[in-house]
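Worksheet: the structure to be examined is printed underneath.
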Amino acid sequence: MQWALTARYALLCDAYVDLVQEGELDEAGFEDKVLEPARQINPAKWWIDNRDATSSMVIELLADPGLDSHNTQNENPY
């Protein structure tokens with residue numbers, strides 16, 4: 001579980017730097033497009049599986065995280 005928290009933290013921090021500090025999103029946009037959807041993703045596996053995603057992929061990944069209404073993956077990754 002700790003590894004997932006570390007992966008989540010790193011992914012969101014990198015996204016903030018790239019998308020807000022160096023990119024075109026403002027704080028409100030980052031809240032809407034990144035932080036709000038990220039708060040809905042609870043499975044540690046999702047964060048670990050996506051730990052190597054680039055900041056440019058974060059918004060797309062969070063928009064469709066591949067989870068069902070029970071917050072479990074609905075696609076077989078294999």
Side-chain angles (χ1 to χ4, degrees):
M1 179 76 153
Q2 184 61 38
W3 190 25
L5 293 174
T6 301
R8 180 182 188 271
Y9 179 79
L11 184 63
L12 294 177
C13 284
D14 289 347
Y16 182 83
V17 169
D18 292 345
L19 298 172
V20 177
Q21 292 181 344
E22 298 174 0
E24 298 179 11
L25 277 182
D26 60 10
E27 296 277 338
F30 189 76
E31 176 72 30
D32 281 348
K33 294 181 180 186
V34 178
L35 294 182
E36 188 60 36
R39 290 183 187 111
Q40 307 304 312
I41 300 174
N42 295 322
K45 183 180 184 334
W46 192 93
W47 294 104
I48 293 168
D49 288 350
N50 291 292
R51 70 187 178 275
D52 294 327
T54 63
S55 296
S56 61
M57 296 169 54
V58 169
I59 293 173
E60 183 178 333
L61 286 169
L62 292 171
D64 183 12
L67 302 174
D68 62 19
S69 62
H70 300 291
N71 220 357
T72 56
Q73 288 186 326
N74 59 15
E75 293 183 21
N76 186 351
Y78 302 104

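The first residue in the sequence is number 1, and the count goes up from there. FYI, side chains are in, hydrogens and waters are out, and symmetry mates aren't considered; it's all heavy atoms of this structure.
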Quiz prompt | Partner of Trp46 under side-chain contact (heavy atoms from CB on, under 4.5 Å), chosen from Asn42, Asp49, Asn50 | solution = Asn50
Exercise. Taking salt bridge (Lys or Arg N to Asp or Glu O under 4.0 Å) as the test, write out the residues that go with Glu36, two or more places apart.
Key: Arg39
Quiz item: To the nearest 0.5 Å, how far apart are CE in Met57 and CG in Leu11?
Solution: 9.5 Å
Quiz prompt | Closest non-hydrogen atom pair, Ala7 against Arg51 | solution = CB-CB, 3.7 Å
Quiz item: Do Ile59 and Leu19 have side-chain heavy atoms sitting under 4.5 Å apart?
Solution: yes
Quiz item: Which pair of heavy atoms, one from Leu62 and one from Ala38, lies closest together, and at what distance?
Solution: CD2-CA, 4.0 Å
Exercise. Inspect the surroundings of CD in Gln21 and state if more than 12 heavy atoms from other residues, nucleotides or ligands are less than 6.0 Å away.
Key: yes
Quiz item: Leu5, Tyr9: one ILVMFWY side-chain cluster at the under-4.5 Å cut-off?
Solution: no
Exercise. Without swapping roles, check the side chain of Trp47 against the backbone of Ile41 for a donor-acceptor pair under 3.5 Å.
Key: yes
Self-check item: Apart from Trp3 itself, residues in the same hydrophobic cluster as defined by side-chain heavy atoms under 4.5 Å
Solution: Ile48
Self-check item: Validation row: Glu27, Val20 side chains within 4.5 angstrom (heavy atoms)
Solution: yes
Practice problem: Give, for atom CZ of Phe30 and atom CG of Asp18, the distance between the pair rounded to the nearest 0.5 Å. | Solution: 9.5 Å
Practice problem: Would you indicate whether the side-chain heavy atoms of Glu22 and Val17 approach each other to under 4.5 Å? | Solution: yes
